[in-house]
Amino acid sequence: MLTTRPRGTSDILPGEVEKWQYLEQVIRRLCREYGYSEIRTPIFEHTELFERGVGETTDIVQKEMYTFRDRGGRSITLRPEGTAAVVRAYLENKLYAGPQPVKLYYTGPMFRYDRPQAGRYRQFHQLGVEVLGSHDPALDAEVVAMAMDLYARLGLKDLELHINSVGCPRCRPVLREKLQDFFRARLDRLCPHCRDRLERNPLRILDCKEERCREAGRGAPTSLDHLCPGCGDHFQAVLKHLDNLGVAYTVDCSLVRGLDYYTHTAFEIIARGIGAQNSIGGGGRYNGLVEECGGPDVPGIGFALGLERILLTMEQQGVVFPRPPKLDVFLATADEAARDRALVLVQKLRREGLAADRDYLGRSLKAQMKYAGKLEVGLVAILGSDELAHGVVSLRDMATGNQEEVPLDRLAEEIKQRCSEVKL
RNA sequence: GUGGAUGUAGCUCAGUUGGUUAGAGCACCAGGUUGUGGCCCUGGGGGUCGUGGGUUCGAGUCCCAUCUUCCACCCCA
């Protein structure tokens, strides 16, 4: 073999791809029902979009981007997430001039240069949802509820919804400083990791698994105590709306998001049992991002869900995927004369909207039957010189073994009728 | 980027202290007499033993390097 697929990528093969198609189908219906339109942006963007949009200090920008120079010398980056590009497209195409708010969704591959492990890949897929142009806390609640609705529709159970408010540009720096002051006084009690975190991301220290850091974090200032009145009111309103919707949540003061653009509401959904990478979705508000990208002061909120991780959780929880039949009918031939007619007949069936196929390997009738059995085709139409002479086809029900002759001109109708019976 | 484990047919794995043409089950293909699947029987194709070096008379078996995959850390979907 010349080479293999790049590390952390995967080939989604027949057998597996049907699960993706099912997931995508549920997603599209959900988004339509919630009033979202699909947007498709490029897989790659100018690097500065992510540097500015996602944030220079984030791990994504500092060590996880697939960045390269194109032949024109431009710095290009394979998108590591979707929000920045949607905001760019919103501005570039002046969507703020249309009816507000703008509700958009996307699915597709994202790229991050990380070491692969359970639930983490270099090319992975997300469903993302973004709403631009509304501050309404009811929208925050609806966005959270929409994510939970998707999981429910897919049959997922026992998920944990964590929610927090990370404040706004007025109150966040205050908390940050208080936290830094708090931990600076306890620096010697922190693990080496957390000493690094102190400058970069002090909130993370509260999340550390080391016992001594948990000990040191006791009594630390929390985000909720330091929200400014505006942020506090907003957060309380979001929680109230979630209560009204019957969405169960845990307020988690240690929840931070890894991307710089988040303000106010931040949330994350955790699934147990799929390994260390157990976050199957997350999101929040980003009221400063549009302006940061050079646009008007327009608020935004959204989420991103990891499709691989959702599929992983579905499998772990034993969810059964619907398995539509590959073919409606297989056309088997008994001899050379029938073979010539088969080509024409199978085309005719396809034009009738049926999924039909035949043998291409010159196999014996027996081998063709065997093949049809393996494909789990419900019906096999058998054509031989006897049938040709009478203008009929022997139609065999593979589940029961019953077989009867059907006139050629009624074949398509007969198959359609039997297929619809099976579905009922 | 760091740490640990792993790598023999399409898949799951055997392969004894290094010793002749590397095996099994499943899968695939073909047969088991005249035009018929799911069970059974028979036969067949398919492996540069991840890759590259090295030690040795001789390496799938030992040593080194490298890559992949898996798991974890950091972080995230």
Side-chain angles (χ1 to χ4, degrees), chain A residues 1 3-10 13 15 54 57-65 79-83 107-128 147 191-194 196-197 200-201 204 207-210 255-259 268-271 274-283 303-313 330 332-339 359 361-388 394-403:
Chain A
M1 189 172 41
T3 186
T4 58
R5 59 183 200 270
R7 183 172 206 184
T9 63
S10 55
L13 304 174
V54 178
T57 63
T58 59
D59 273 29
I60 291 180
V61 170
Q62 286 193 341
K63 52 178 214 186
E64 293 172 6
M65 294 210 299
R79 62 181 188 190
E81 57 97 58
T83 305
T107 60
M110 305 292 165
F111 305 84
R112 289 185 204 170
Y113 191 88
D114 235 344
R115 284 278 290 266
Q117 73 183 78
R120 173 192 281 160
Y121 313 96
R122 289 186 171 177
Q123 175 175 344
F124 61 101
H125 297 76
Q126 288 186 334
L127 159 65
C191 71
H193 264 309
C194 284
D196 284 348
R197 284 170 171 141
R200 273 192 308 132
N201 204 344
R204 274 273 175 228
D207 227 12
C208 187
K209 281 135 196 137
E210 295 268 341
L255 174 64
V256 275
R257 308 255 67 224
L259 288 68
E268 185 167 24
I269 299 96
I270 307 288
I274 57 168
Q277 305 307 318
N278 58 9
S279 166
I280 60 171
F303 65 62
L305 313 186
L307 269 35
E308 282 83 358
R309 290 183 189 176
I310 288 176
L311 255 12
L312 215 56
T313 310
F330 184 84
T333 47
D335 50 54
E336 203 51 45
R339 193 165 286 280
D359 173 63
L361 297 177
R363 283 192 270 223
S364 66
L365 179 60
K366 179 180 177 140
Q368 292 177 56
M369 296 301 292
K370 211 169 179 175
Y371 177 71
K374 270 174 216 148
L375 292 190
E376 297 180 301
V377 187
L379 294 169
V380 173
I382 300 159
L383 193 62
S385 28
D386 291 357
E387 285 84 357
L388 279 178
S394 297
L395 192 58
R396 183 181 182 85
D397 183 320
M398 294 296 273
T400 63
N402 293 337
Q403 188 167 317

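Each chain gets a letter, A, B and so on, in the order the sequences are listed, and its residues count up from 1.
- Counting atom types as modelled, A:R396 pairs a side-chain N or O with a base atom of B:rG37 as donor and acceptor under 3.5 Å.
- Using a 4.0 Å heavy-atom distance criterion, A:D386 is classed as a base contact.
- Place A:E387 and A:G306 on RNA chain B by their nearest nucleotides, and A:E387 ends up nearer the 5' end.
- Across the P atoms, B:rG1 and B:rC62 are found 29 Å apart, a figure rounded to whole Å.
- The gap from the C1' atom of B:rC11 to that of B:rG52 amounts to 28 Å, rounded to the nearest Å.
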With pairs defined as Watson-Crick or G-U wobble and both distances under 3.5 angstrom, please note down RNA chain B as a dot-bracket string, | for pairing with another strand. (((((.(..((((.....[...)))).(((((.......))))).....(((((..]....)))))).)))))....
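- Atom C1' of B:rA72 sits at a distance of 26 Å from the matching atom of B:rU12, rounded to the whole Å.
- Base engagement by A:Q403 is indicated by at least one non-hydrogen atom pair under 4.0 Å involving a base atom.
- Scanning atom types as modelled, one donor and one acceptor separated by under 3.5 angstrom connect the side chain of A:R120 and the base of B:rC75.
- Remark: ring of A:F124 overlaps the six-membered base ring of B:rA77 in a stacked fashion, centroids less than 5.5 Å apart, planes less than 30° apart.
- Within 4.0 Å of A:G275, counting heavy atoms only, lie sugar-phosphate atoms of the nucleic acid but no base atom.
- OP1 or OP2 of B:rA72 has at least one side-chain nitrogen or oxygen of A:Q117 nearer than 4.0 Å.
- Of the side-chain N and O atoms in A:K374, one or more sit less than 4.0 angstrom from OP1 or OP2 of B:rC29.
- Applying the ring pair (Phe, Tyr, Trp, His ring centres under 6.0 Å) rule to A:F330 yields the partners A:Y371; only residues at least two apart in sequence or on another chain are considered.
- The residue A:S279 sits close only to the backbone: its heavy atoms come under 4.0 Å of sugar-phosphate atoms, none of a base.
- Spacing of C1' atoms, B:rU55 relative to B:rC63, comes out at 7 Å, to the nearest Å.
- Between B:rA22 and B:rG31, the two C1' atoms lie 28 Å apart (nearest whole Å).
- Taking the P atom of each, B:rU17 and B:rC74 are spaced 42 Å apart, rounded to whole Å.
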